[in-house]
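Excluded from the calculations below are hydrogen atoms, water molecules and symmetry mates; all remaining heavy atoms, backbone and side chain alike, are included. All values reported here derive from a predicted model rather than from experimental measurement. Indexing begins at 1, ligand by ligand and atom by atom, following the structure's order.
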Amino acid sequence: MSLIRVGIVGYGKIAQDQHVPSIEGDPRFVLAATVSRGGNGHPGIPCFPSHTAMLEGAELDAVAICTPPSVRYDIARDCLLAGKHALLEKPPGISLGEVEALARLAETRKLSLFTTWHAQHNAAVPAAAALLADRTIASMRITWREDVRKWHPGQQWIWEPGGFGVFDPGINALSIATRIVPATLFVRDAQLFFPANRQAPIAARLRLASPASKGAIEAEFDWRHEGGEAWDIEVETADGERIRLAEGGSKLSRGGAPVAASGPGEYPSIYAAFAALVDAKGSHVDLAPLRLTAEAFMLGRRTQVEPFEG
Ligand code: NAP
């Protein structure tokens, strides 16, 4: 199998924390370039001020686009048009249509497009999906609380239109939910809490439904949570079993007893899947978490809360 030379566009927190170590730890990949507008790329690797300069100046097979989501479409389109396979950080775009357009372009050009949802790559998530397959859900509760100052220090883009606000982490929970619920999920009702000085919500409460559930599916996302994180999904099945995914989808339990599930970890799993897609000349485009987010914004009732400074 040939080596995949990858360039990272958007050398920020997630690129440095996860993408670089996963690329360096996978013998199928080599990090060939980074893009940083301020010249702060990965030491020892060619750094370009823009993705267009990188496409002109570097020998690449693929790109990993780790910018904020609002600029992903234009970058991904240019990279696909230049013949590169494209891995998109979550969320894959700021609208369903732009991701559909990218999927069509990748298909036409016989290139791989991969909409990654890192939380789905915890080994416990497919294990939970297997436990819930063909079962009816009686109730489900998603709790996703964290401190925005801890997880997004100084980031302003998260508060802009297209920055997703609390749905930036909340969409991770939705990506797990869409993976484990054995039928389509859709939003019925949403309440969005906007700081008076911001364009994106700091908290949200959703009521969802699914043909696989006869009871309530509720989600609560909150960025005002100080102390430890709460990233939990609890499901009760109609036949009385309690299934819980805790710690962002990394720990599974059944009736209170831990269920073992092991795998390479979120980002190594993402890169292994990307290599397989490139080899197969295939794409993986999963829009369901983004669709649920769009539905929440479409249906959401807005409540104004105190300004957010930080
Ligand atoms: P970040 O630290 O702000 O990094 C994004 C980088 O993209 C910046 O360092 C910036 O680099 C570049 N960038 C910013 N605006 C740009 C623009 N308009 N055009 C081109 N490049 C631009 O953000 P992040 O936390 O890594 O998040 C990036 C994506 O990863 C988001 O979609 C997020 O949801 C996802 N993600 C984040 C985490 C996390 O824990 N942070 C976890 C999983 C997924 P230069 O200024 O050097 O060009």
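- Between Glu295 and Arg188 there is no salt bridge, since no side-chain N of the basic residue sits under 4.0 Å from a carboxylate O of the acidic one.
- Annotation for Leu55: hydrophobic cluster partners, listed by chain and number, are none (ILVMFWY side-chain heavy atoms under 4.5 Å, direct or chained).
- Pocket lining of ligand 1, defined as residues with a non-hydrogen atom under 4.0 Å away: Gly10, Tyr11, Gly12, Lys13, Ile14, Ser36, Arg37, Cys66, Thr67, Pro68, Pro69, Val71, Arg72, Glu89, Lys90, Pro91, His118, Gln155, Trp157, Asp168, Tyr267.
- Every residue two or more places apart in sequence or in another chain that forms a side-chain contact (heavy atoms from CB on, under 4.5 Å) with Thr178 is listed here: Gln120, Leu185, Ala288, Pro289, Leu292.
- Relative to the six-membered ring of Phe308, Arg198 misses at least one condition, a distance below 6.0 Å or an angle of at most 45° to the axis.
- Take Glu218 and apply the salt bridge (Lys or Arg N to Asp or Glu O under 4.0 Å) test, not counting sequence neighbours, and it matches Arg141.
- Residues Glu220 and Arg145 are paired through a salt bridge, judged by an N-O separation under 4.0 Å between the basic side chain and the carboxylate.
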